[in-house]
Structures are given as structure tokens and as C-alpha cells.
Amino acid sequence: MAEKLDDAAAKILMLMSHRGFIWGPSPEIYNPVKGSYEFGPLGKLMKTNLENYMRKKFRKYQFWEVQCPLIGSDMIWKASGHAERFYDFIIQCTNPKCQRVHRVDTLLESLGYNLTSFSADDFQKIIKEDKILCPDCQGELGSVTTQNLMVTSQLGFPASEFILRPETATTTYLLFPRLIQFFRTKMPIFVFQMGYAFRNEISPRKMLLRTREFEQCEGQIFITPEQEMNFELFNQAAQEKLPLWSAKQQIAGDENIKYYSLQEALDQKILQKPAYAWLLFFAYDIVKGLDIPLENIRLRQHKDDEKAHYAHDAWDLEINSKIYGWTEVCGIHDRGDYDLGRHFKYSKKKQLKVPSQNKGEKIIPHILEIAFGLGRLFFFCLEQAFTFEEERNVLDLPIQITPIPFAVFPLMKKPEELSKIAMEIYKQLIDNDLGAIYDETGSIGKRYRRTEEVGVRYAFTIDHQTLDDDTLTIRNIEDMSQKRIHQSDIIPIASKLLRGTITYEEIEDLSQKD
RNA sequence: GCGUCAUUUGUAUAGCGGUUAGUAUGCUGGCUUCCCAAGCCAGCGACCCGGGUUCAAUUCCCGGAUGACGCUCCA
């Protein structure tokens, strides 16, 4: 990771805010809340496009979308295990010059204590009786308190405490009794949810990469153990290759990332389950489709000590950020029967079980999860797309997610007819759900420069010839080349370009004809 | 929370105990039948906040806020 931001990184961050993608921390005119950001006009357009891209990917494999409440009772989070996991015992050094905060469990463990489920009082006793001092300054330690890593709120009269969800996944699991009915008791079940989650991060930083409120896009597969080993989608993708960096390699210090087909990964026991292997492919496929350079994508397996409380196997899809280095953008987790098992134990609802292969026996379904941070994904798409050429800054985003794919310009303000025609074309594009801007300010060259910096892929320019023969130019962001097309072809051409059913190269250039 | 460094217009910067606070870029309007940040004319826009020292503070001192990076922390 870079110690100081280099010029390109600083420029990218400047353009992100200057051009209206990301603002904050918010609110800028009062004392901002750390780790909270606004999406400006272009950022919001792009995020909406990115969300729709994700929807399309999930729908393609017949995942169904649901939406659950952000606020929930503490019961949910006790059952899920987050209450245990998200409360840390902390202690602060009383030396006014030090005042460092320590996590009690890691502090004691580092001193050789073997800990199993201690309470705050137990910890306090140990610290007092064994005269444990601050490891940094040998100062006296204060009293043990808890640090809640979940965000809470008050509801009702009189008010009682509720929790803002720290992940969307658990709220999806609570739907299982309903989902199993909706899917007519047929497993596996594919669902996903996009929405906000909240965490009381100790130190929010790095723009959208570590925030206290953030959006997730999480897909869940409810599945039986047999189906995990015999998974239809796997067969279609068995030869697809993935850049895998196993835990074993990491421990051995081997940083050489190799590509394995899904089949090879199973054969070599890097992965255990076809269904889980397919999910890794799915995550990779989604990111690849966003034009992230392949050398900047890898799948990294969690080592045993990194795994979450629920995970049997866990891999992160990481992207090599131009600004912040390798960072997780998606976690793929084999959660086994942990979640529904816990909810069965706490709620005692029989509907959380399904019939097994063996007659008369019921089992807890397993869950495979793919969890994207939408803000992170957004950030990576944006930063990876900035390219600085000698003469121009280009935001080279894929047309599906770029905030504004098309622009319409009159070559100049006079004669007025040029503006009139251009404005009409602009309105037609909007009417046809084709994102566009209209601009007549400044010279034509300046408008091209300004728009390619925010990812406008194609510009339609109305010139004097338009008045004679109803043709106009279409300009390509990539090489700045232009072709003449007929005015009546704009909508069909723009639609096809947006859907990717034609390329710019395939457009017929009328100026070549005579 | 702690430490280091920083804060002058939208952006990037210059500068000074008394300045009409400079420059570049940007933006606005106008001119130029003008296709790649052209030119010309006119205009817009800033010293983070509070206190102190001083005849006088954007400049010096103290405090605060905020930011970047590091530590801590981190499904």
C-alpha cells in the first residue's frame, strides 16, 4: 500500500468529488460524521446502473430479490451469533499520556491466558488480582467495558433498544419459512438482497472502503448437503478458470497466483464442493463483466484464524486498488447449517427444517453466501476506469454502468436550428430510456473533453450538414473517431450500443458512401 | 482514541505583521459557420473556526474542527 497518495491517486480522488461522484464525509458544512459519504448526481446515476447490472446477473441464474427491514430486535442478533461476536471487551490505560485502548481478550491471550467465555467481571478480576498493566507504558488499566460494534436505536413508548442490521444476510435467512413455501418446497433456493447495513467501525477510512453505513448485495443459496455435491450450474462452468490463492499458498509465502478451472480446483482439493466452486465463479464473472483488469482480480482463501464464526470455507474476491492496494470486495462463504441451525435452536420453529433424503428424517438446510459491498464495488469500478492520456482524461467505464452513455451537442450555438434539432434528439433519447446529456456551452472540443472525463461513451453532434441532409456525427470515446449516421437511426443505434448488440465498428458510416 | 503532517476561490498553487491577496485552471456573458481543453473582450470566485499578542494578524502564539497517513481495530 502506498504511504503517500501518488499523483494519479490524488487526481482520481479529486475528480471523483469534483465531477460529482462522491462527496463527503457528510455533512461537509457541519462537523462531518466519519465514514459517511454522499453520492452526487453522477455517482447516483452510476450506482443505480451498477445495481441494475447486479440485478441482471442474479436474475440470469434465477435468484429472486427480496427486501427486509433494517431495524430488528436484539433477539435476531443473539440468535445469529452477532451479539457475541460484535461485543468486544475493552479496557483503557489510565496513564493520561498513553490512554491506549486494548481489547481485553487479545491482551490476556498475548500474556498466555487461555480464555473460554469470560464475563466482564471475570476479566476485571484477573486484571486486578494478577496486576496486569498496560503493555505499552506499564500504566494502570481502567475498568473493563464493552464496545458494541452494532449500531443501535430506540423504538417504542417507553423506548427500548433495537439494532440496525450489521449485514443483510441474516435478515434474508429469517424469511426461510416463507421462501420455502414460495418456492413450493423445492430446493435449492436462490435469493438475494440489496440494502444498507450498519457497523460501528472503530476507524472508518479509505473513502467508501470502510464506512459505518454501507450497502450490501448478498446472494444466498439454501441447499441440501447432497445438492452441494451435485450441482447443475457447476457442470456448465466446470472449465471456467479462476485466479485462486489458497490458504496453503499464503502460509507458504507463495504469492504466485495461478488459474485453475473449477474442475481442477476440485480435483486438487483446493475446493471441496461443486456448488461452492460455482459460487466463486459467479463472483468472478460479475466482477470481470465490469471491465476490471484481470490482473487486478484474485480470489483469496481465508486462513483458519480469519474465518468468521459461521464459516466452513471462506474466500474473498479481492481487487487491487490503484489507491489502496488489494482489498476485499466480495466474500464467498460456505456457512453450512450454522445460521438456520442457530435460528432453529432459538426460535424452535419446525419450518426451518426440510425433509432429507432419508425417509422421515428432517435436516437443517445449508447456506452458501456471496456478499458484495456495493460501495466498494462502485469505488473500484470508478477508480479502475480513470485513464490519463497526454491530452485528455478518460473515464473508461462499461456502457452499462457509466452514468451517462450519450451526449448531444450542437456544433455551435448559431444558427439556432442546430440547438433546436439537438434538443429534440436529446428528448427522444430520454424518452427511450437512453441516458444522455445536452450541452451547448463552450467550444465543441471542450465539450468532448469534459464529457469523456465523466464516461460519456458516444456523442452526437449536429452540424451544418445536418440542415441539408439530416445526417449527423457520432463520436466514439475510445479513439475519438467519428461516423456520419442518419438522424432517424439514432434511437435504434443508441439502443443497440447500450444493450451491446452492436459495436461502434459495425455502424455504417454514411460519409464513406457517395 | 493516540501520533505525524497539513488547511489561501470549484481545483492546483504564490505570498506577506500593513498587499486593490498574485498566478494557472475553472465558471459566466459576448465575439468569431468553430469538430477535439484555440483565440480575443468583459466578469465571478479564497486566506478553516475561536481566543491571544499587536496600533495592525491571512501571516506569530494557543486551543478547536477537519483531512491524509501510521498505530489500534477490522464477517
Side-chain angles (χ1 to χ4, degrees), chain A residues 1-5 7 9-11 13-15 17-20 23-25 27-35 80-82 85-86 88 90 92-93 95-103 106-107 135-137 147 149-150 166-170 197 199-207 209-212 216 218 302 306-311 314 316 323-324 327-328 330-333 335 338-339 369 371 373 390-393 409-415 417-418 441-453 459 461-465 467 472-473 475 477 479-482 484:
Chain A
M1 194 191 303
E3 278 194 0
K4 269 188 183 170
L5 299 180
D7 287 352
K11 199 166 166 187
L13 290 171
M14 188 274 280
L15 285 171
S17 72
H18 184 54
R19 291 307 192 192
W23 291 327
E28 291 185 279
I29 64 166
Y30 295 110
N31 290 352
V33 178
K34 277 200 172 100
S80 72
H82 284 81
R85 177 69 196 175
F86 271 62
D88 285 340
I90 57 170
Q92 192 173 16
C93 176
N95 175 0
K97 280 188 187 158
C98 175
Q99 298 205 335
R100 219 175 114 180
V101 176
H102 304 273
R103 254 178 74 169
T106 50
L107 174 64
D136 290 339
C137 73
Q147 173 65 52
L149 299 181
M150 292 194 287
E167 63 168 21
T168 64
T170 285
R199 284 178 207 176
N200 188 16
E201 296 287 353
I202 290 167
S203 177
R205 49 180 35 213
K206 296 181 180 173
M207 280 283 262
L209 301 190
R210 184 169 215 80
T211 58
R212 287 182 167 143
Q216 295 186 308
E218 300 191 310
H302 280 204
E306 287 183 82
K307 274 188 211 159
H309 53 287
Y310 48 70
D316 285 345
I323 302 171
Y324 299 116
T327 311
E328 171 190 0
C330 174
I332 302 106
H333 303 123
R335 299 177 73 131
Y338 174 84
D339 297 278
E369 178 204 36
E390 220 172 283
E391 293 262 312
R392 57 182 199 149
N393 304 331
F409 303 135
L411 184 61
M412 42 192 163
K413 283 183 187 170
K414 286 175 185 174
E417 281 82 353
L418 298 184
T441 320
S443 76
I444 188 68
K446 185 169 272 189
R447 281 174 271 161
Y448 289 146
R449 288 287 175 270
R450 209 159 41 205
T451 52
E452 61 200 1
E453 192 174 88
T461 304
I462 288 75
D463 56 21
H464 298 96
Q465 195 181 331
L467 300 175
L472 47 87
T473 59
R475 173 186 184 273
I477 189 177
D479 58 1
M480 302 184 271
S481 67
Q482 292 183 306
R484 283 204 89 80

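Here is how names work: the chains are called A, B, and so on, in the same order as the sequence lines, proteins then strands, and each is numbered from 1.
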The contact string for nucleotides 23-32 of chain B, one letter per nucleotide 5' to 3', using protein heavy atoms under 4.0 Å with B, S and - for base, sugar-phosphate only and none, comes out as ---SSS-SSS

For A/Glu369, which contact category applies under a 4.0 Å heavy-atom criterion: base, sugar-phosphate, or nothing? nothing

### Message
What's the gap between B/G29 and B/C69 when it is taken at their C1' atoms, as a whole Å value?
### Response
44 Å

_Phosphate contact (B/C34 OP1 or OP2) by A/Ser443 side-chain N/O below 4.0 Å_ = no

A/Glu390 CD to B/C36 P, in whole Å, measures 17 Å

side-chain contact (heavy atoms from CB on, under 4.5 Å) evaluation trace for A/Lys34 with A/Arg210: CA-CA 10 Å; A/Lys34 277 200 172 100; A/Arg210 184 169 215 80; over 6 Å; no

Exercise for the section: Using a heavy-atom cut-off of under 4.0 Å over every strand shown, decide if A/Gln465 touches base, sugar-phosphate, or nothing. Expected result: nothing

Closest of B/A75, B/C35, B/G67 to the A/Glu218 side chain is B/A75

Would you measure the distance from the C1' atom in B/G15 across to the matching atom in B/C60 and give it in whole Å?
16 Å

Residue set satisfying side chain to side chain donor-acceptor pair (under 3.5 Å) with A/Arg199, at least two apart, ordered chain then number -> none

Considering only heavy side-chain atoms of A/Met412, the closest of B/A75, B/U33, B/C35 is B/U33

Exercise for the section: Report yes if a donor N or O on one partner sits less than 3.5 Å from an acceptor N or O on the other, where the partners are the side chain of A/Gln216 and the base of B/A75; otherwise report no. Expected result: yes

Subject >> Audit row: A/Arg475, A/Met480, side-chain contact (heavy atoms from CB on, under 4.5 Å) steps and yes/no >> reply: CA-CA 6 Å; A/Arg475 173 186 184 273; A/Met480 302 184 271; 3.2 Å; yes

Partner of A/Ile462 under side-chain contact (heavy atoms from CB on, under 4.5 Å), picked from A/Thr473, A/Leu467, A/Leu418, is A/Leu418

Residues at least two apart in sequence or cross-chain that pass salt bridge (Lys or Arg N to Asp or Glu O under 4.0 Å) with A/Arg447, listed by chain then number, are none

note: A/Arg212, atom CZ; B/C73, atom C1'; distance rounded to Å ~ 11 Å

- Query: Can you find a donor-acceptor pair, distance only, under 3.5 Å between A/Glu391 side chain and B/C36 base?
  - Reply: no

Checklist line | Distance, P atom - from B/A56 to B/U13, rounded to whole angstrom | finding: 34 Å

Passes side-chain contact (heavy atoms from CB on, under 4.5 Å), A/Arg212 versus A/Asn200? Steps please. CA-CA 6 Å; A/Arg212 287 182 167 143; A/Asn200 188 16; 3.8 Å; yes

Separation between the P atoms of B/C48 and B/U9, rounded to whole Å: 7 Å

Across all chains, not counting sequence neighbours, the salt bridge (Lys or Arg N to Asp or Glu O under 4.0 Å) partners of A/Glu328 are none

Check: Which part of the nucleic acid, if any, lies within contact of A/Pro32, taking any heavy atom under 4.0 Å across all strands shown: a base, the sugar-phosphate backbone alone, or nothing?
Finding: sugar-phosphate

Those residues at least two apart in sequence (or on a different chain) that pass salt bridge (Lys or Arg N to Asp or Glu O under 4.0 Å) with A/Glu167 are A/Arg335

Intra- and inter-strand pairing of RNA chain B, written as dot-bracket with Watson-Crick and G-U pairs under 3.5 Å and | for the latter, reads (((((((..((((....[...))))((((((.......))))))...(((((..]....))))))))))))....

| message | Please classify the nucleic acid contact of A/Met14 as base, sugar-phosphate, or nothing, using heavy-atom distances under 4.0 Å. | response | sugar-phosphate

Exercise for the section: Indicate, with a heavy-atom threshold strictly under 4.0 Å, whether A/Gln482 touches base, sugar-phosphate, or nothing. Expected result: base

Does A/Arg447 reach a base, just sugar-phosphate, or nothing at all? Heavy atoms under 4.0 Å. nothing

Among the nucleotides B/A75, B/A38, B/C35, whichever has the atom closest to the side chain of A/Arg199 is B/A75

Side-chain atoms of A/Tyr324 come closest, of B/A38, B/U66, B/C69, to B/C69

Whole-Å distance, A/Leu149 CG to B/A75 P, equals 8 Å

